Amino acid sequence: MTVVDERPAPPAEVPRRRPGRVLALLRNSWRQLTSMRTALVLLFLLAVAAIPGSVLPQRGVNPEDVRDYFTAHPDLAPVLDRIGAFEAFGSVWFSAIYLLLFTSLIGCITPRLRDHFRALRTKPPLAPKRLDRLPQHAVLPTPAGGAAAIAETLRRRRWRVVVRGDEVSAEKGYLKETGNLLFHSSMLVVLVGVALGSWYGWSGNRLLVAGEENAFCNTRQQYAEAKLGPRVGSEDLPGFCVRLDEFQARFLESGQPEFFNATVTVDEPGGERRQADFSVNSPLRLDGASVYLLGHGYAPVIRYTDRYGRSQTSTVPFLTTGDPGLTSEGLAAFPDANVDPATGRRDPDLQMAFTGLYLPTAPQAAPFVRSEYPTERNPALNLTAYRGNLGLDAGIPGSVYELDQRQVRAGRVKEAGAKLLKQGETWTLDDGTKVEFLGTEPYVTLSVRYDPGQALLLVSSGFLLVGLMGSLFGRRRRVFFRVLPAGAGDAPGAGAADPAGGSPTSGSSLVEAGGLPRTDHPGFADEFAQLVAAVSGDERADAERAESDPAGAREGAE
Amino acid sequence: MSALSDQLVTFAILVYLVAMISHAVEYALGNARARTVAAPARELVGAGVGGSGGLTPQPPAATGAAAAERTARRARLAGLTAVVATAIGALLHLGALVTRGLAADRMPWGNMYEFVLTVSWIGVTAWLVVLWKRPSLRRLGLFLTLVMVLLVATAELVLYTPIVPLVPALNSYWFVVHVSTIVFSSGILLLGVVPAVAYLMRAGHEQGKRSFPYTLAKRMPAAAALERLTFVLHAFAFPIFTFAVIAGAIWAEAAWGRPWGWDPKETWAFISWVVYAGYLHARATPSVKRNVATWLAVLGFLTVLMNLFGVNIFFEGLHSYGGLD
Ligand code: HEM
């Protein structure tokens with residue numbers, strides 16, 4: 001029984017000449033696109049099109065999984081990749097659906113906006129001739145003050161009222177359409193916010209080891225991965241610098257994390273150097289970017305003393321392997337080791353590298369491959385030494401966290417023993433050189449982001465919500481009152497009124513009232529009855545009715 | 001405290017089971033009565049006042065009348081038992097949640113087990129509210145209690161997780177806002193699917209379909225009332241769900257650095273939201289049949305279920321706190 005004001009489609013024009021036919025075709029397509037049915041179909045398609053993005057791994061969410069998928073399905077994966085299945089939400093088909101939907105939306109709300117503005121400015125319409133034909137109808141004695149008093153009562157109840165002679169027309173519930181339009185328009189603004197963010201935003205991820213010498217400043221080169229929107233240049237990045245001073249973490253006995261906090265020193269251009277804390281759930285807000293704490297780990301400090309007695313110290317972050325005990329693995333490379341200080345000649349076959357596992361809490365007995373707890377209760381570094389040409393000079397980019405396995409396979413790098421080192425221990429290798437495990441520094445992994453669309457997103461979602469509630473809970477309805485000329489007292493239902501009890505000014509004249517719900521509104525009968533009671537000045541009856549109206553009794557109104 | 005909570009859950013399941021059986025008995029007696037008394041039209045009216053005076057059917061014969069009266073009394077008793085049992089079940093259920101929360105020293109929404117328990121409690125409580133306002137819908141309780149038994153038992157048997165505190169990412173003010181609203185709206189949507197399914201069956205029955213699932217709806221409230229209830233519940237839940245998703249985005253921005261990242265949970269929330277928007281549209285479009293619209297509501301609920309169970313089980317994402325490894 002919804003009474004929706006659907007715009008009646010104007011009759012299709014009869015095609016006369018050719019250009020007319022093209023135009024008609026266009027116009028018809030547009031009408032099709034902006035119809036509710038099309039919107040429905042597109043909504044449904046949008047939901048369906050979102051499913052692959054949750055089933056298949058997505059590059060934006062988990063690039064490693066995508067790589068694994070390629071290994072697991074070498075035939076299928078490239079095909080899927082070509083249709084954009086691994087970046088489903090940026091793919092052509094997904095974009096096509098939502099762009100069509102939003103086009104339809106624009107086409108749908110523009111005329112409604114216009115109509116609604118017009119409706120807001122026009123007065124409630126003339127009362128229909130026969131009020132008894134309306135869904136709600138009543139006859140009551142005229143209150144003191146006649147039509148003006150009725151209008152006053154209605155106004156107090158926030159109806160929009162117009163008095164025309166003996167007739168009062170009133171309307172209420174414009175909020176429904178207002179809310180609906182606000183809601184749909186806000187959705188457009190949400191899309192604009194998303195677009196702004198992707199054009200003018202940027203983000204980068206990096207790892208930051210504690211200590212002055214590891215501080216980083218915000219340039220593109222400083223990020224392991226950086227993503228700049230199409231309208232952002234490297235020179236647009238704000239030039240702040242961040243140094244990690246301290247990282248605290250607390251864990252439960254089970255190893256489950258309980259608390260993280262990173263303390264950093266921040267240098268912002270034009271600002272004082274300051275210290276700040278941030279954590280998961282409370283990012284570091286800087287001018288023009290936010291810094292989020294994503295993860296943490298340990299960077300073992302390793303000192304290597306070569307054949308010539310020269311020492312080099314390296315603090316290398318070991319990457320966590322994903323187990324709760326924070327077992328991490330990494331590589332400490334010393335390509336400049338064993339350079340003869342007398343000649344300055346470097347022997348490429350004497351470069352050194354150590355790979356290994358770092359266990360914050362090593363087990364009491366072998367195998368030393370898995371840490372038992374995420375804090376450093378029994379730190380141990382399980383190292384394997386490699387000697388030879390690391391391949392770092394060959395110009396082939398390799399990972400800084402992994403030994404170049406090609407060199408190992410080619411026999412250019414040879415293993416030179418393995419040993420478990422406790423903190424402070426020294427290991428003397430077969431050639432008399434020494435490696436020491438000095439301790440660790442904490443590191444954090446950070447995501448640094450700037451998204452100028454976010455404020456707009458927040459505001460428009462707020463409006464969206466408000467509009468939605470208005471739209472769902474608003475109800476448009478009209479009521480009409482007509483003061484009947486005295487003597488017309490034998491109107492139907494007049495017997496119920498008691499003219500003798502009426503006020504002296506009204507004499508025996510009566511008012512006829514009618515009500516019309518314009519949208520689905522099961523409680524309208526009640527509201528109408530209350531309104532009529534209020535108008536006839538019968539507030540007592542009003543209250544009584546409210547009392548004797550437990551919800552159950554309303555069954556009949558359905 | 002934790003053990004007490006577990007026991008309360010078991011008791012709640014048993015009591016819901018009792019409620020379900022009582023509803024079934026009422027239902028069966030209703031059928032028997034319909035066979036003895038050839039006045040099915042009165043039936044609805046009788047149910048409408050929740051078993052007050054309206055129940056006296058015109059007797060086709062004097063003996064039949066006495067028997068019918070007796071059956072009607074029994075049916076009424078069974079119905080009453082069912083409602084009381086549901087209420088007791090809801091209280092036990094609430095007790096389980098409160099003790100669990102006390103034992104964990106936080107809101108009981110930290111993993112899938114607690115999540116399902118809370119959602120189903122919201123559902124049953126909302127049902128009692130609906131019942132209070134619209135006693136005529138009582139017979140829907142059969143479906144509702146069935147859903148409750150299934151959900152809570154699944155939670156206990158499959159999803160049970162011992163109490164652990166929250167990981168830091170969940171330890172936020174927005175966690176409470178986001179999860180409470182998600183839980184609340186999911187509970188209402190869970191309740192909403194009950195009249196939706198009942199409507200689909202009842203509407204079929206009213207159109208003269210007499211094959212298996214439709215016959216179940218013989219004693220159900222009128223299709224129009226079911227449809228109306230379906231809409232009211234969805235219209236109520238949808239803005240709350242919308243708010244919950246927005247709150248989730250605000251929280252995700254603080255915790256993960258982006259408001260929306262198409263993580264599987266987020267994706268399925270999006271899908272549910274779009275499907276429910278589709279339902280509201282379909283219902284507002286006169287050219288779309290009501291049962292098509294209602295199917296969309298059912299579909300929407302399937303996507304909510306997918307998010308509750310499926311995503312935690314099948315996919316890996318930032319939201320994996322299901323506690324099932
Ligand atoms: C971008 C996708 C869209 C979404 C997510 C969406 C969502 C919604 C929702 C949730 C409602 C329910 C509020 C209410 O009942 O008043 C609604 C109502 C409505 N929408 Fe949309 N909408 C979309 C696009 C459109 C389009 C393209 C049209 C035009 C063809 C449209 C026309 C309407 C109308 C006329 C109503 C009012 C229905 C009523 O009277 O209750 N919407 N929309």
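As the structure is a prediction and not an experimental result, all values here were calculated from the model.
Rounded to the nearest 0.5 Å, atoms CG (A/Leu457) and CD (B/Glu253) are 10.0 Å apart. To the nearest 0.5 angstrom, A/Leu465 atom CG is 5.0 Å from B/Ile246 atom CD1. Rounding to the nearest 0.5 angstrom, the gap separating the CZ atom in B/Phe243 from the CG atom in A/Leu464 is 12.5 Å. Note that CG of B/Asp263 and CD of A/Gln58 are 11.0 Å apart. Values are rounded to the nearest 0.5 Å.
Contact between A/Tyr292 and B/Ala254 at its shortest, heavy atoms only, is CD2-O, 3.7 Å. Smallest separation of non-hydrogen atoms from B/Gly257 and A/Arg449: O-CD, 2.7 Å. A pairwise comparison of heavy atoms in B/Pro239 and A/Leu472 identifies CG-CD1, 3.6 Å as the closest pair. The two residues B/Trp268 and A/Ser54 make their nearest non-hydrogen contact at NE1-OG, 2.8 Å. Closest approach of B/Val275 to A/Ala47, counting heavy atoms only: CG2-CB, 3.8 Å. Residues B/Val274 and A/Leu43 approach most closely at CG1-O, 3.0 Å, considering heavy atoms.
Ring planes of B/Phe270 and A/Phe94: tilted class, angle from 30 to 60°.
Side-chain atoms of A/Asn281 and B/Trp251 include a donor-acceptor pair closer than 3.5 Å.
Counting heavy-atom neighbours within 6.0 Å of B/Trp260 CH2, excluding the residue itself, gives a total above 12.
With a 4.5 Å cut-off on side-chain heavy atoms, A/Val48 and B/Ile271 do not count as touching. Side chains of B/Trp256 and A/Val280 form no contact here, defined as non-hydrogen atoms less than 4.5 Å apart.
Contact annotation for A/Ser447: neither backbone nor side-chain heavy atoms come within less than 4.5 Å of a heavy atom of chain B. Using a 4.5 Å cut-off between heavy atoms, A/Val41 does not touch chain B at all. When heavy atoms are compared at a cutoff of 4.5 Å, A/Ile51 approaches chain B by way of both its backbone and its side chain.
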Query - Working for side-chain contact (heavy atoms from CB on, under 4.5 Å), residues A/Phe44 and B/Leu299 - result: CA-CA 11 Å; A/Phe44 189 72; B/Leu299 187 68; 3.6 Å; yes

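A/Arg37 places a side-chain N or O within donor-acceptor distance of the main-chain N or O of B/Ser287, the cut-off being under 3.5 Å.
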